[in-house]
Peer 1: 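Structure in structure tokens, see below.
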Amino acid sequence: MVSHEFGAAAAWLVWIIPFAASLAMPAIAKWQLRPVGWAAIGAAALSAIMAASLLPGAISGSEVHDQTSWISAIGLEAGVLADPLAVIMANVVAWISLLIVIYSTGYMKGDPNIARFWFWMLFFIGSMQLIVLSDNLLQVFFGWEGVGLASYALIGFWYRDKKKDHVGQEGRRVLGMLDYYSPTHAGMKAFVMTKIGDVMMLAGMFLIFAFAGTFGFRELVADTAWATAMSAEGLLIPAAVLLFGGAVGKSSQFPLNEWLLEAMTGPTAVSALIHAATMVKAGVFLVARLGPLFFALGAAGILADQFFEIVAWVGAITALLLATQAIVNPEIKKVLAYSTGSQIGYMMMALGIAGLSEQFADGYTAGFFHLISHAMFKASLFMAAGSLLHIVGSRFMTDMGGLRRHLKKTYLFMWAAGLALMGAPFITTGFWSKDAVFAAVFESGSTWAMPIFAIAVITAIITAFYTTRMIGMVFFGPKSEHVKKREAAGHPIHEAPLSMWVPYGVLAAITIGLGIMGLAFEESLHDLFAEYLDGSFGIHAAHYTGDSVLPGFLSGLNPVALGASVAAFAGGIGLGYAFYIGRWVSPARIVNSNIVFYAIHKLFLNRWYINASIYWCFVVAPLWLARGVFRYFERTAIDYGMNTGFERAALWGAKVIQHTQTGVTQSYLYVFGAGLLFVALILLI
Amino acid sequence: MAMDYALLQAVFIPLFASPLAYMVGRRYGMGAATWLTFGVLLYCTVLIIAAAIDGGAEERYPWTQMFGEFGLVLDGLASPFAIIIYALSTIIVLYSRPYMEHKFAEHHAADGSSQTQIQYVNQKSGLYFALYLVFAMGMLGTILATNLIEFYVFFEVMLIPAFFMVALWGDGNRRKISLMFFFWTHVGAVVLLLGFLALGFSAGSFDFAAVSDAGLDPDIVLAAAVAIAIGLGVKLAAFMFHIWLPWVHGAAPTPISALLSPVMIGIGAYGIFRLIVELLPGAFSELAVWFHVWGLVTMIYGGAMALMQDDIKRLLAYSSISQMGYLLFGIGSYSVLGLAGAEMMYVTHALGKGLLFLMAGILIVRVGTRSLSQLGGLAGKMPITAVCAVIGALTIAGVPPTSGFMGEWLLFYGALETAINEGSTLRFVTFGLGLVATALTMSYMLWMLKRIFFGKLPEKLGKVKEAGWHMLAPMMVLAGFTIVLGIYPDIFLEQIVPYMGGVVDGGIGVEYAGALEGIPSPIDGGAGH
């Protein structure tokens with residue numbers, strides 16, 4: 001048990017160390033390029049150790065809350081809040097960051113702009129931990145924008161916009177919009193699109209602040225008079241939904257999901273860290289932070305059901321929408337990106353359903369457990385994909401094929417992490433967490449339980465299918481022309497260096513290792529959160545105690561959910577095996593066999609036309625409108641109308657006056673006399 | 001430890017140093033004139049900062065029977081304005097040197113003058129710094145004035161040197177543009193003067209205090225307030241009165257653009273604070289919602305027009321219009337934090353837009369073009385400029401940890417607070433649209449950065465080099481300060497918030513105070529306990 005002072009210092013240092021290190025990076029790089037990577041590893045490790053030192057306290061259920069004055073002019077304080085939720089999240093972030101930082105030293109080797117890369121990576125880690133450990137919304141927003149900024153900078157890291165750094169197929173158009181993005185375009189798109197979510201979040205924050213006079217999480221729980229007042233004005237649900245808008249943007253949920261695909265232009269280490277394991281989870285974390293707060297208001301008779309319904313449905317829609325697109329995409333990173341958004345949909349679904357159920361802790365734990373397991377297996381998959389990109393020199397899976405004999409380690413690790421994504425029964429974390437989500441949805445008793453459950457199961461089938469497809473396309477079948485050409489040119493296919501495969505190997509191993517004791521892990525997480533929710537929010541929970549029909553180690557699991565998840569896995573992997581590993585049927589033949597399949601394929605490949613529609617409505621149309629106003633109002637009415645118009649009027653006036661200057665004395669005298677007469681007349685009358 | 005006559009010195013030393021700068025420039029060259037100007041302004045800046053740290057200052061001197069006293073006041077409202085005006089003026093002196101040298105050399109070649117280039121440059125630099133000093137003192141005087149006529153005089157004093165600097169060393173059709181500048185701002189000033197005369201003659205004195213205590217007929221007050229708002233609206237370049245701004249800020253020599261655009265036009269906002277919010281609270285309560293809407297329209301209009309520009313300086317000029325919209329929007333928010341946010345926006349806009357204009361100047365000198373379509377990929381060639389420009393752009397876009405966010409969140413929060421208190425649908429809508437406009441701001445800023453610094457490097461820019469330290473050091477100072485202020489806004493908020501609180505409690509309408517009851521306001525000590 002660590003002392004409170006030490007705990008507080010550690011909670012501050014977890015995010016201050018990466019920030020300080022990020023500032024030191026350019027200076028170190030100026031001095032010597034070699035030690036920069038080591039310094040980054042050191043900083044990430046130190047931060048991770050600080051996070052780990054908080055763990056014992058969190059497990060024992062205590063929390064660290066430390067404040068200091070900040071904007072004293074309006075009485076705002078800065079602080080850290082290391083409660084179990086934050087500490088677990090901080091550890092997930094810190095340790096995965098450390099592994100990815102190690103991976104990056106191999107992946108980014110020889111890049112001349114390495115100092116910039118490290119600056120932003122560490123800046124990102126600091127900002128992310130700031131989100132996790134802040135004790136108030138305003139400070140969270142600093143981290144929130146910080147991760148957005150780092151994401152913008154790292155997506156566009158290769159800012160020269162070389163052809164190899166683009167995503168999409170060159171020249172491909174959807175509804176007339178080019179589906180081919182440069183890194184700088186992608187970074188901008190990500191920043192602006194998440195900004196839409198961010199302004200919603202700001203609006204939500206402000207609404208709450210206007211009534212509560214505080215941004216602090218603990219203060220908001222301590223006195224809920226603000227919620228009563230807001231509820232009376234009908235502003236509570238809007239505020240909650242607006243805050244969720246921030247999460248939708250950051251976590252790439254429908255309808256703000258389209259930026260994540262283009263975010264794949266960043267270095268793969270970045271995709272693994274920011275766009276799979278951590279930043280995109282910030283939205284989930286925010287919902288996990290605020291969800292209990294809104295749920296606990298139920299005790300005071302203030303229901304926030306609509307909020308939770310929106311969360312659950314957004315999650316469900318996103319899960320399905322993005323999974324369908326992952327089936328058809330030829331780029332490995334994009335498949336993983338779709339998958340990330342889809343899996344986050346599961347988390348949102350679980351957190352949303354938690355609020356609609358009596359057993360809040362069940363859904364809550366399920367969502368968060370899925371966050372943890374997804375962070376591990378998806379980071380592993382992304383790093384492995386980066387390794388493939390590195391080895392093969394192409395982002396297209398059609399340029400790979402038949403690699404399993406050359407890349408034994410990567411092949412093995414991708415299977416392990418891939419199985420977790422598919423939810424392979426009993427041995428992977430992914431299975432247990434997904435099963436927990438299924439069970440939470442199924443048992444919730446909400447009116448929406450069945451449709452959402454159905455979507456969840458369908459999505460699980462699709463997930464297993466596209467993951468198998470990915471592995472099949474990369475490792476099975478004949479070698480592609482691209483690989484043959486590369487080998488002929490003297491670039492034999494060989495495994496990536498140690499610093500690269502070890503990190504994803506470690507994560508893949510943990511995925512399986514933790515998976516074997518997954519149920520026990522889930523139960524302890526559940527107990528921890530149940531205690532936390534009870535202690536901090538007064539949400540009482542009883543674990544599911546229905547009569548167990550399942551024998552042995554499976555007792556306590558919901559049989560329907562279990563059956564559904566096993567069946568979904570089997571169905572998905574079976575189909576995928578038939579098409580892409582066994583290659584008994586050609587997928588192209590199926591697609592072209594009739595118009596319906598063809599149309600569906602096209603719909604998925606064209607991203608349901610959502611991306612193109614967004615471009616038309618929010619880029620093309622406003623620019624067109626602005627151009628019209630510029631040409632026909634600013635240029636004509638303002639510039640010509642006012643400036644030139646005034647000039648003409650003045651010139652005309654001058655001319656009129658000029659004509660009176662005749663120089664003829666008689667006419668001057670005549671006007672003078674007329675004037676005198678006029679004055680005299682006025683005086684007389 | 002504020003010195004005696006500190007404010008008087010701060011205003012008049014630059015004025016008296018102005019002819020000196022002219023002579024020094026002619027005789028001892030541009031370097032000497034630069035450092036003289038820098039020294040004078042630095043001294044005055046230190047005076048102002050010392051007085052502000054000391055809790056403000058107030059100096060009154062006898063003037064004429066007719067107008068009242070000649071006073072100089074540095075209070076919670078004035079000190080952030082005053083500090084930013086002089087601090088920016090001081091560091092841009094350094095920047096002026098290489099930029100204007102480049103400009104004078106261009107003119108020398110074009111004029112075919114019989115002098116040698118050095119003689120020519122020295123002579124012109126003397127004139128430049130002489131005008132520069134008067135320009136700076138005019139701006140400061142306006143901020144510190146305590147009397148309507150005094151305000152008006154300084155208001156016009158800053159116009160004259162600016163006019164000459166545009167006319168002499170501007171780009172494009174500079175004579176015509178400078179005349180346009182003079183004409184429109186002068187028309188605005190005349191309307192302003194009408195408002196002043198109406199107030200002064202009905203109050204019997206032109207002192208602010210006298211006007212405030214006079215208990216004037218509300219109709220006259222409202223009419224005067226409208227006249228003042230229109231007059232200052234021209235200075236602010238609010239929508240429909242922005243005619244002159246894109247031309248002038250596009251054409252002015254870049255160091256002057258960097259002062260005109262954020263610092264000088266924002267004085268219009270200062271005028272609204274001082275003359276309408278503080279002096280005529282009754283009229284303000286009626287006009288606030290109009291300011292709010294006018295501000296919103298200006299925000300969106302300026303941003304949309306900025307998207308359409310190819311010339312960097314014109315883009316930045318339209319961006320300034322949009323930012324002035326934010327200020328008006330905040331003033332119209334009619335709440336303590338909204339008003340405080342608007343003043344913060346002035347400070348942060350000065351830093352951010354200053355940075356971006358300095359960037360534009362570097363591109364003009366080093367690359368030789370200001371057309372976005374001919375730029376690209378320069379981040380690798382000029383990394384320090386790029387970093388500073390990104391910080392500037394983020395400041396304008398209101399992204400933490402830059403100071404832009406500290407202005408923006410207060411401003412929008414204030415707008416929302418009033419919307420809730422008044423239960424006004426209109427204000428809810430303007431609040432929402434205002435937030436959406438921040439996404440527009442972000443879009444044009446990021447797009448600008450992309451077109452200048454990222455993407456492919458055009459072949460002919462292969463030999464571009466980073467600017468010298470005269471140009472970089474001012475940018476680095478501004479960039480550093482915007483981040484410090486973004487993390488620790490108390491530097492200014494500690495002065496601004498109490499002042500705004502006083503204005504709202506003491507001045508703003510009674511019905512507002514009533515509406516506040518029942519809802520815990522963060523100002524009344526609700527927050528953070």
Side-chain angles (χ1 to χ4, degrees), chain A residues 67 70-77 113 138 141-142 144-146 148-149 152-153 156 159-162 182-185 187-188 191-192 195-196 199-200 202-203 205-207 209-216 219 225-226 229 233 235 622-623 625-627 629-631 634 638-639 642-643 646, chain B residues 180 183 240 242-244 247 301 304-305 307-308 337 340 377 379-380 394 397 399-401 405-406 409-410 412-413 416-417 420 431-432 435-436 438-440 442-443 446-447 450 453-457 487-490 493-498 518-529:
Chain A
Q67 288 181 311
W70 181 25
I71 312 176
S72 58
I74 29 181
L76 293 179
E77 294 191 321
N113 295 313
L138 191 67
F141 197 79
F142 267 68
W144 198 262
E145 293 288 292
L149 188 58
Y152 162 70
Y159 64 85
R160 294 275 194 224
D161 286 352
K162 290 182 187 134
S182 66
T184 54
H185 182 151
M188 206 164 82
F191 211 8
V192 173
K195 175 85 177 174
I196 303 294
V199 298
M200 288 166 80
L202 272 181
M205 279 164 59
F206 292 165
L207 275 170
F209 187 65
F211 284 88
T214 176
F215 287 115
E219 290 82 348
W226 59 273
E233 302 251 353
L235 288 172
L623 280 177
L625 193 67
R627 188 169 298 118
V629 174
F630 182 62
R631 268 194 204 146
E634 178 74 7
I638 300 280
D639 273 358
M642 294 179 83
N643 268 328
F646 195 87
Chain B
M180 183 200 290
F183 176 77
M240 288 312 284
H242 66 274
I243 323 146
W244 59 277
W247 295 99
Y301 187 80
M305 293 305 102
L307 280 174
M308 289 298 115
L337 290 188
L394 294 175
V399 176
F405 177 66
M406 274 303 156
W409 89 261
L410 287 171
F412 284 110
Y413 171 71
L416 180 69
E417 196 183 40
I420 294 171
F431 165 75
L435 275 177
V436 172
T438 64
L440 176 65
M442 180 117 152
S443 310
L446 294 183
W447 196 25
K450 172 170 149 61
F453 292 111
F454 309 131
K456 290 186 180 62
L457 186 73
I487 294 171
Y488 191 71
D490 265 1
L493 283 182
E494 268 189 341
Q495 297 158 341
I496 297 172
V497 173
I519 292 171
S521 162
I523 298 306
D524 298 332
H529 302 300

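Computed over heavy atoms, backbone and side chain alike; hydrogens, waters and symmetry mates excluded. First the proteins, then the strands, lettered A, B, ... as listed; each starts at 1.
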Peer 1: Would you mind reporting whether A:R627 and B:L307 have side-chain heavy atoms less than 4.5 Å apart?
Peer 2: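 With C-beta onward as the side chain, the pair stays apart.
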Peer 1: Can the ring centres of A:Y159 and B:F453 be said to be less than 6.0 Å apart?
Peer 2: no
Peer 1: Which atoms of A:L625 are under 4.5 Å from chain B, going by heavy atoms: the side chain, the backbone, both sets, or neither?
Peer 2: neither
Peer 1: Taking the side chain as everything from C-beta on, heavy atoms only, tell me whether B:T438 gets closer than 4.5 Å to A:L202.
Peer 2: no
Peer 1: Quick one: does any side-chain atom of A:R160 pair with a main-chain N or O of B:G377 as donor and acceptor, under 3.5 Å?
Peer 2: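 At least one qualifying donor-acceptor pair exists.
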Peer 1: Top residue by heavy-atom pair count (under 4.5 Å) with chain B, among A:H185, A:M200, A:R631?
Peer 2: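 So the answer, after comparing A:H185, A:M200, A:R631, is A:H185.
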Peer 1: Can a donor-acceptor pair be found, under 3.5 Å and without considering hydrogens, that links the side chain of B:K456 to the backbone of A:D161?
Peer 2: yes
Peer 1: With a 3.5 Å distance limit and no angle check, can you tell me whether B:Y488 reaches the backbone of A:I71 through a side-chain donor-acceptor pair?
Peer 2: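 Here the side-chain-to-backbone pair does not exist.
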Peer 1: At a heavy-atom separation under 4.5 Å, does B:A340 approach chain A through its side chain, its backbone, both, or neither?
Peer 2: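 Contact with chain A is absent: no heavy atom of B:A340 under 4.5 Å.
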Peer 1: Do you know the tightest heavy-atom contact between A:F206 and B:Y413?
Peer 2: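 Closest approach of A:F206 to B:Y413: O-CE1, 3.5 Å.
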Peer 1: Got a sec, which residues hit ring-ring contact (aromatic ring centres under 6.0 Å, His included) with B:W447, two or more places apart in sequence or on another chain?
Peer 2: none
Peer 1: First locate atom CD1 of A:I74, then atom CG of B:L410, and finally report the distance between them rounded to the nearest 0.5 Å.
Peer 2: 5.0 Å
Peer 1: Non-hydrogen atoms of chain A under 4.5 Å away: do they reach the side chain of B:P401, the backbone, both or neither?
Peer 2: both
Peer 1: Taking all atoms of both residues into account, what is the closest heavy-atom pair of A:D639 and B:I243, and its distance?
Peer 2: OD1-O, 4.4 Å
Peer 1: As an exercise: rank B:V436, B:L457, B:L394 by heavy-atom pairs under 4.5 Å with chain A and give me the winner.
Peer 2: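 Between B:V436, B:L457, B:L394, the count favours B:L394.
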Peer 1: Between A:W144, A:W226, A:Y152, which has the largest tally of heavy atom pairs under 4.5 Å with chain B?
Peer 2: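 If we count pairs closer than 4.5 Å to chain B, A:Y152 comes out on top.
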Peer 1: Taking only residues two or more places apart in sequence, or in another chain, which ones meet A:F142 in a ring-ring contact (aromatic ring centres under 6.0 Å, His included)?
Peer 2: A:W70, B:F405
Peer 1: Specify which of B:F431, B:Y301, B:W244 makes the most heavy-atom pairs with chain A at under 4.5 Å.
Peer 2: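 Option with the greatest count: B:Y301.
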Peer 1: With side-chain contact (heavy atoms from CB on, under 4.5 Å) as the criterion, how do A:V199 and B:F412 come out once you've worked through the C-alpha distance, each side chain's angles and the decisive distance to 0.1 Å?
Peer 2: CA-CA 10 Å; A:V199 298; B:F412 284 110; over 6 Å; no
Peer 1: Of all the heavy-atom pairs spanning A:I196 and B:A439, show the shortest one and how long it is.
Peer 2: CD1-CB, 3.9 Å
Peer 1: Counting N and O atoms only, with roles assigned by atom type, does the side chain of B:D490 sit under 3.5 Å from a partner on the main chain of A:S72, one being a donor and the other an acceptor?
Peer 2: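 At least one qualifying donor-acceptor pair exists.
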Peer 1: Side-chain contact, heavy-atom cut-off 4.5 Å: A:F209 with B:L416?
Peer 2: no
Peer 1: What are the two closest non-hydrogen atoms of B:S443 and A:V192, and how far apart are they?
Peer 2: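 What the structure gives for the nearest pair is OG-CG1, 3.7 Å.
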Peer 1: Tell me which of these, B:M240, B:M180, B:K450, B:M406, has more heavy-atom pairs under 4.5 Å with chain A than the rest.
Peer 2: B:K450
Peer 1: Might you point out which heavy atoms bring A:A626 and B:A304 nearest each other, and give the distance in Å?
Peer 2: CB-O, 3.7 Å
Peer 1: Tell me, for A:A203 versus chain B, whether the close heavy atoms (under 4.5 Å) come from the side chain, the backbone, both or neither.
Peer 2: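 Looking at A:A203, backbone and side chain both touch chain B.
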Peer 1: Answer with side chain, backbone, both or neither: which region of A:I638 has an atom nearer than 4.5 Å to a non-hydrogen atom of chain B?
Peer 2: both
Peer 1: Examine whether an atom of A:F141 lies under 4.5 Å from a heavy atom of chain B, and if so say whether it belongs to the side chain, the backbone or both; otherwise answer neither.
Peer 2: both
Peer 1: Measure the shortest side-chain to side-chain distance between B:M442 and A:M188 over non-hydrogen atoms and say whether it is less than 4.5 angstrom.
Peer 2: no
Peer 1: Under 4.5 Å from any heavy atom of chain B, what part of A:F215 do you find: side chain, backbone, both or neither?
Peer 2: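 A:F215 touches chain B through side-chain heavy atoms alone.
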